[in-house]
Every structure is written in C-alpha cells, then in structure tokens.
Amino acid sequence: MEFTVKKSNLQKELGFVQGVIEKKNTIPALQNIAIKSDGKDAIKIIATDLDVSIRCQCEAEVKVPGTMLIHARKLFEIVRNLPDSEIQIKKDEQSWAELKCERSKYRIVGQPEEAFPSVPEPKATKLSFPVDGLRYLIEHTIYAITQEESQRFALNGAQFMIGKGSARMIATDGHRLAYVEQKNFDNGQIEDFKVLVPRKTLNELLKMLTDLGEASSKSKDDKSKDDKDHQKQPEMVMFDKDENHLFFNVGNRVLISRTLSGQFPNYELVMPKEIKLSMTFPTSDFSSAIKRAALMADEKSRGIKLRISDGVAEITSQSSEVGKAEESLLTAYDGPEINVGFNSSYMLDFLQSVGTEEIYLEFKDVNSQAQLRPKHTSIYDYKYVVMPMRI
C-alpha cells in the first residue's frame, strides 16, 4: 500500500479516532488503526475497542491500494509534529510503514492486516436527526450518566427515544436524572425508536456532531447572505440500529457501537408530579456561589446546605478538617423557610450546562427530590432532578 496525504487532513482524522483507542488494553491489535483504500482518491481510517468503532474517510492520492496496521497513538504524535506539508506513507514487505514528509523520515512497526479484529459493516442508515438537535440532547444529559462501570448496565448510558411528535434523551446515575425532550419533533418515518446508548459512544458522537456543526456554520458564513435556501437546510445525522449495534453516519465519518442491555429505570416515577415550592436564581451567580462554598465542603460527600427564606438564599458548607464557608444571594421566593442539602458537584453540572440566565429550583417539599429547569421557553423541555442530602 502507498499513498500521499495532506498533513492537516490526516491529523484531523487521526485525532478523531484517538478517543476509541484504549490506553490500557490486553489485546495489542487494538492499539492499532487500520488504514485501507480500494480507490485512488481516499483512504479509510478504522479504530475499534470491540464495543465502539469509528470509520473516517480522508482525501489522499493512492498509488497502491491495500491495508496497513499502524500504532494509533504513535502515528498521531508523529503526524501532528510534522511540518504542514504532504506526507508519503508506504507499507513494506514486513508490514512496517515508511513515512516521509519533507526532510523527516520514519519507519513504524506494523502488523499484518489479519491481526485487526473484524468490525461490523456500516448499515445503510434510513433514519435522520438534525445535528444541532441531537447535540443539544447529548450535551444536556451526558453528565448524569454514571462515571463508574455499574452492574446495572442500563445506567452506563442514556436512553434515546423517538415517538410521535417528540424525541427524548434521559440519563441517570441513581442519584440524579437529566431529561430533555424536543417538542413538536417531525419524526418522519419513525414510529417508535428506543435504544440505550453507551456513554463512550455519546462522547465520540458528540465530538463528531460538534465538528460537523462548526464546519456547517463556516460553510454557511462563506455563502452569500442572500442564499436563503442554503440557510434553511439543517445538517442531518443519519442513524439506525440492528439487534446488537447502532450506526451513525456523521458527514464522512461512521460510528458503530454495541447497544447496552438491561432495563432503563422508570424515569417518570422519579420526576416530581406536584410542585409546591418554587424559586428563581440567576444562573451565573448561583453557580459561582456554590463553587466558592464547595471549596470547604467534605471532599467525599461534596455536600452544601441551602437555607432559603425571605428572598435570600444562604449557601454553607463545612468540614472538620478545613473549616467553613458561607455565601448568600438574592432569590425570587416568598414561601416558608427551606433547609436542604445537595451534592455541590451535581448542582454545578446542571448550572454549567443549562445555558440560560435564570433557572427555577422547585420542590414538592424539602424531603422530596428537587427539580431544576431553565426559566425560558424553547423547543426543548429540559429538566434535572436531584436527590437531597442529609447534612
């Protein structure tokens, strides 16, 4: 195999596949990427950890088609440090890769192509979703997925649902829950779609969606402002599933993932049905006050206490090892006094993702779960439920 490629193009695609490569893996072949080509104008770069796989396509001048396996991280480190010029890569008879760029030369250990595990072939996807909409759903729920490998497999990902007139994504770690619904969603041919998407898959998908969205915005900026038809066409992600896998087509990249098994918790039982206590906070001020108070919180529990009365919220934390912190800010509230504790990290996750100037904090009572939501109306119904702590 032999090809020539621009450094900038190759570096970008190599960067995308790094998230799939496991740093510590007992299968040496999974440290490699497969570079393939059966044509003259492009190469395909494939990476997998057996659960998540990425296929990227990169423009190249292919002199000899074929397949080569190269250590993923080492190739990426080499390429990003090369001058911004064309790179020539050739596979020799020992499956090593010879790389040349201006005055730089490398020989990189390779492996025979049969050492690379088989990757599911991309399915001809037939479902679609606007890039900006799917990105919003992921960004506002992914932080609530458990960070530990839970034995409750369904908690290791988010539930993605599309039904009549709506699309939803829900994530929970058992202590808090993030819920986003896109209202009045045009589901086209989709009658009922429900799947559990793993956290790692969502991370990789989010990177792809962000890159495609940025590329689309740049492309639109380059177009004439009078080109209204172009402005109206949203970028779409194509996706589908089979019995065991999910397939996402994002631009010139394909993401293939195993689905999660297990039963997702009944989130509707967790969401408050009755709100009796409600107050508003300026998002930025509330977030800053919690950050400062959390500096003195117990390192394990990260607990803070809220005392809300007569339009003032007092936020305190203390630890026998480091001391105590007190913060206060105004809030629109004229109900009975509230004393409640929360994990500060859980609160900050929402406040840093919500993206609005003000938020609601709502309760049925102080012994029940709290609900936070943005103080604005949009096409998204965004709710965050967090359990109180005893402090």
Side-chain angles (χ1 to χ4, degrees), residues 1-122 198 200-201 203-205 207-208 211 245 250 252-258:
M1 183 181 190
E2 184 177 357
F3 61 92
T4 302
V5 63
K6 288 184 179 179
K7 180 244 178 150
S8 57
N9 292 344
L10 182 59
Q11 180 180 337
K12 183 174 184 178
E13 301 310 320
L14 289 176
F16 264 97
V17 303
Q18 296 304 308
V20 172
I21 307 295
E22 294 287 352
K23 293 181 180 180
K24 297 180 180 179
N25 201 302
T26 57
I27 305 176
L30 297 182
Q31 301 294 311
N32 296 324
I33 55 171
I35 302 179
K36 299 184 177 184
S37 179
D38 52 10
K40 295 182 179 181
D41 56 2
I43 57 172
K44 293 180 180 179
I45 301 171
I46 305 169
T48 184
D49 67 358
L50 301 182
D51 290 323
V52 181
S53 305
I54 291 181
R55 294 177 180 238
C56 297
Q57 185 166 300
C58 182
E59 290 184 3
E61 180 184 341
V62 181
K63 295 181 180 179
V64 181
T67 301
M68 64 172 66
L69 302 189
I70 309 179
H71 193 279
R73 295 192 186 279
K74 185 56 65 180
L75 179 62
F76 180 56
E77 290 171 1
I78 292 171
V79 170
R80 70 178 177 180
N81 283 287
L82 289 173
D84 191 10
S85 184
E86 288 192 335
I87 301 172
Q88 295 176 313
I89 301 179
K90 180 180 179 180
K91 177 183 176 182
D92 67 16
E93 294 179 356
Q94 288 76 40
S95 295
W96 286 41
E98 298 177 355
L99 187 151
K100 297 179 183 180
C101 181
E102 294 187 355
R103 296 185 180 183
S104 300
K105 295 181 181 180
Y106 295 87
R107 288 193 77 234
I108 310 170
V109 175
Q111 292 189 27
E113 58 183 276
E114 55 268 21
F116 199 72
S118 62
V119 174
E121 286 297 318
K200 183 172 183 178
T201 303
N203 274 320
E204 297 306 314
L205 181 56
K207 288 193 295 184
M208 292 183 177
D211 181 72
H245 293 92
V250 187
N252 66 344
R253 305 181 183 104
V254 179
L255 180 66
I256 304 167
S257 168
R258 291 185 185 273

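Throughout, numbering of the chain's residues begins at 1 and tracks the sequence. Remember, predicted model here, so these are calculated numbers, not experimental data.
Considering all non-hydrogen atoms of both residues, Cys101 and Ser85 come closest at SG-CB, 4.1 Å. Closest approach of Ala29 to Pro117, counting heavy atoms only: CB-CD, 4.4 Å. When all heavy atoms of Ile89 and Ala97 are compared, the pair lying nearest together is CG2-CB, 4.4 Å. Minimum heavy-atom separation, Ile45 to Glu13: CD1-CB, 3.9 Å. Between Gly66 and Met1, the shortest heavy-atom distance links the atoms O-SD, 3.4 Å. When all heavy atoms of Phe16 and Cys56 are compared, the closest pair comes out as CB-SG, 4.2 Å.
Here Ser53 pairs with Thr48, Val119, Ile256 under the side-chain contact (heavy atoms from CB on, under 4.5 Å) rule; sequence neighbours left out. With sequence neighbours left out, Asp51 forms a side chain to side chain donor-acceptor pair (under 3.5 Å) with Arg258. Shown here are the side chain to side chain donor-acceptor pair (under 3.5 Å) partners of Glu77, two or more places apart in sequence or in another chain: Lys74. In this structure Asp38 satisfies the side chain to side chain donor-acceptor pair (under 3.5 Å) test with no other residue, sequence neighbours excluded.
Residues Phe76 and Val17 fail the side-chain proximity criterion, which asks for heavy atoms closer than 4.5 Å. The shortest side-chain heavy-atom distance between Thr67 and Ile35 does not fall under the 4.5 Å cut-off. Side-chain atoms of Ile78 and Ile108, non-hydrogen and from C-beta on, do get closer than 4.5 Å to each other. Contact annotation: the side chain of Ile87 never approaches that of Thr4 to less than 4.5 Å [non-hydrogen atoms, C-beta and beyond]. Looking only at side-chain heavy atoms (C-beta outward), Ile46 and Ile54 stay at 4.5 Å or farther from each other. At a threshold of 4.5 Å between non-hydrogen side-chain atoms, the residues Arg73 and His71 count as touching. In this structure, the side chains of Ile27 and Leu50 come closer than 4.5 Å at one or more pairs of heavy atoms. A 4.5 Å side-chain heavy-atom check between Leu75 and Leu99 finds at least one atom pair inside the cut-off.
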Could you list the donor-acceptor pairs under 3.5 angstrom formed between side-chain atoms of residues 57-65 and any protein atom two or more places apart in sequence or on another chain?
none

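Residues in residues 106-117 take part in these side-chain hydrogen bond (donor to acceptor under 3.5 Å, both in side chains) pairs, two or more places apart or across chains: Asp92-Arg107.
Between the side chain of Lys200 and the backbone N or O of Val20, at least one donor-acceptor pair lies under 3.5 Å.
Residue Lys207 places its NZ atom among more than 12 non-hydrogen atoms of other residues, nucleotides or ligands, all under 6.0 Å distant.
The CD atom of Glu102 lies 9.0 Å from the CG atom of Asp84; values are rounded to the nearest 0.5 Å. Here the CD atom belonging to Glu86 is positioned 14.0 Å from the NZ atom belonging to Lys100, to the nearest 0.5 angstrom. Rounding to the nearest 0.5 angstrom, the gap separating the CZ atom in Phe3 from the NZ atom in Lys90 is 13.0 Å. Between Gln31 atom CD and Ile21 atom CD1 the span is 7.0 Å, to the nearest 0.5 Å. Between Leu14 atom CG and Lys7 atom NZ the span is 11.0 Å, to the nearest 0.5 Å.
The pair Glu98-Lys91 does not meet the salt-bridge criterion, since no charged nitrogen lies less than 4.0 angstrom from a carboxylate oxygen. A salt bridge links Asp211 and Lys12; the closest N-O separation between the charged side-chain nitrogens and carboxylate oxygens is under 4.0 Å.
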Exercise for review: Show the numbers, then the answer: is there a side-chain contact (heavy atoms from CB on, under 4.5 Å) between Leu255 and Val250?
Suggested key: CA-CA 8 Å; Leu255 180 66; Val250 187; 5.8 Å; no
